[in-house]
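This report concerns only the one structure given below.
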Amino acid sequence: MTGTVLSGLRPTGRVHLGNYFGAVKNWVDLQNSGKYRCYFFVADLHALTTDYADTQSLAANTREAVLDWLAVGLDPAKATVFLQSRVPQHAELALYFSMITPLGWLERVPTYKDQIEQLRSKDLGTHGFLGYPVLMTADIAVYRADLVPVGEDQASHLEISREIVRRFNGLYGDVFPEPKALFTPTPKVNGIDGRKMSKSYGNTIGITEGAESVREKVMAMVTDPARARRQDPGRPDHCNLFPFHQLYSPPAEVAVVDVECRTAARGCVDCKKHLIGNLNAALEPFRARRAALLAASSDVVRDVLHAGDAKARTAAEATMEKVRAAVRLSPEP
Ligand code: TRP
Ligand code: SF4
């Protein structure tokens, strides 16, 4: 073991192909490399930063997400899988960090003002939302993690995390390693309408979605808009379907699709049918594992989280003892 890896995702329910290639697949690969101590968690406190007024689906979304994580291969025997809110040390460390984090750092995070604009229906002029990166820093630092697999969209958060940790170490002594983002090159996965795949756009394909539903969604996908008639040549680089072939069809078949599309030797309906076969074959083991988890006599999600929470708390508390000593709040014994 050469380091500690930590990452989290807000609970948004079942995992779609965008989440999978953007995060969860990398987690499984890191876990299976055997090189790192791994922590993966449901960031339910982070969900509260934007959804504090609507918490009714949080618990169900957590359950669905964890089921899918396990279905795609996250293994509690190899990684600690837990729920953020069940490890109160995250919140405690976030409070210490909040004391030393200048407001200007938080206000300058590029996504901060963007998000407030984009989510106009919610009042995000809150302390908690401004403090999002402070809590995220605590998530990482409370395990003294040094590697954080995240998408490029989290780069500015990781930058602040490094600065907060540096400032803490400067003030109180070297307690934390500086965390490094691990940007894994991820294929771009768009939704069935060609926009970024996102639950809020309703354009997702689930990693454990039923075969028939996957078929219907692929059949409805928009292809090269310039290919109005069957005999018009197509352009794979302008087609929303082609990237899915690149992900799910064998390389030799992708090459054939490329040629036959450009020469109009292949029609889009036929092209979709081939993709559906390959995609459904790839998803089948995930569906089967999810079904097996659901059929188990015990509540697997609850058991996995309970065990993970306890392991996480032990590790987090060891760090907090160092933190409290470093800050020197209590009188010397
Ligand atoms: N902000 C991350 C996201 O939206 C989720 C997250 C919370 C996280 N805490 C983290 C990721 C700590 C990595 C490390 O995807
Ligand atoms: Fe897209 Fe395939 Fe149609 Fe070409 S033939 S436009 S790759 S669906």
Side-chain angles (χ1 to χ4, degrees), residues 4-12 18-19 22-24 26-27 30 38-51 65 82-85 87 90-91 93-94 109 111-112 115 129 131-143 145-158 160-162 164-165 179-183 192 194 198 218-246 249 253-276:
T4 300
V5 164
L6 171 131
S7 195
L9 277 177
R10 282 166 291 172
T12 49
N19 308 136
V24 188
N26 296 328
W27 296 1
L30 286 162
C38 291
Y39 292 91
F40 301 115
F41 70 100
V42 179
D44 58 343
L45 295 176
H46 275 103
L48 283 185
T49 65
T50 51
D51 297 338
F82 68 97
L83 186 59
Q84 184 187 30
S85 63
V87 186
H90 289 237
L93 184 55
V109 173
T111 49
Y112 176 63
Q115 288 268 78
F129 185 66
Y132 191 108
V134 176
L135 179 57
M136 193 164 149
T137 307
D139 298 337
I140 300 165
V142 85
Y143 304 100
D146 34 29
L147 294 170
V148 187
V150 283
E152 294 280 357
D153 62 319
Q154 299 293 316
S156 58
H157 288 150
L158 251 291
I160 286 220
S161 291
R162 295 165 61 81
I164 294 174
V165 157
K180 272 190 287 293
L182 208 64
F183 298 121
I192 54 175
S198 161
V218 172
M219 289 313 289
M221 268 169 72
V222 181
T223 62
D224 180 358
R227 202 175 179 200
R229 289 161 305 173
R230 167 69 184 77
Q231 61 270 33
D232 295 335
R235 301 164 301 174
D237 48 329
H238 285 70
C239 170
N240 187 32
L241 196 88
F242 190 68
F244 288 91
H245 269 298
Q246 291 173 308
S249 300
E253 189 178 339
V254 176
V256 174
V257 171
D258 190 76
V259 171
E260 291 190 351
C261 173
R262 291 175 196 282
T263 54
R266 169 184 299 238
C268 292
V269 171
D270 191 39
C271 193
K272 286 176 171 180
K273 285 184 180 155
H274 276 91
L275 174 67
I276 291 163

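All ligand and atom numbering here is 1-based and tracks the order in the structure.
Under the 3.5 Å distance criterion, with hydrogens and angles disregarded, no donor-acceptor pair is assigned to the side chains of H238 and D224.
Protein atoms that are N, O or S and lie under 2.8 Å from atom 4 (Fe) of ligand 2 are these: C261 SG.
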I'd like a table of the close N/O pairs between ligand 1 and the protein (anything under 3.5 Å), one pair per line with both atom names and the distance.
from     : atom 1 : to   : atom 2 : distance (Å)
ligand 1 : 1 (N)  : Y132 : OH     : 2.7
ligand 1 : 1 (N)  : Q154 : OE1    : 3.0
ligand 1 : 4 (O)  : R10  : NE     : 3.1
ligand 1 : 4 (O)  : R10  : NH2    : 2.8
ligand 1 : 4 (O)  : Y132 : OH     : 3.1
ligand 1 : 4 (O)  : Q154 : NE2    : 3.4
ligand 1 : 9 (N)  : D139 : OD2    : 2.7

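Considering only residues two or more places apart in sequence or on other chains, F244 meets the ring-ring contact (aromatic ring centres under 6.0 Å, His included) condition with none of them.
Residues W27 and V5 are not in side-chain contact: their nearest non-hydrogen atoms beyond the backbone lie 4.5 Å or more apart. The shortest side-chain heavy-atom distance between L158 and F183 does not fall under the 4.5 Å cut-off.
Relative orientation of the H245 and F242 rings is tilted, given thresholds of 30° and 60° on the angle between their planes.
Of all heavy-atom pairs between N240 and V222, the closest is CB-O, 3.2 Å.
Between the CG atom of D44 and the NE2 atom of H46 there is a distance of 10.5 Å, given to the nearest 0.5 Å.
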Enumerate, atom names and distances included, each donor-acceptor pair closer than 3.5 Å involving a side-chain atom of residues 148-155, sequence neighbours excluded.
from : atom 1 : to   : atom 2 : distance (Å)
Q154 : OE1    : H157 : ND1    : 2.9

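Looking at R229, R230, R235 one by one, the single match for side-chain hydrogen bond (donor to acceptor under 3.5 Å, both in side chains) with D232 turns out to be R229.
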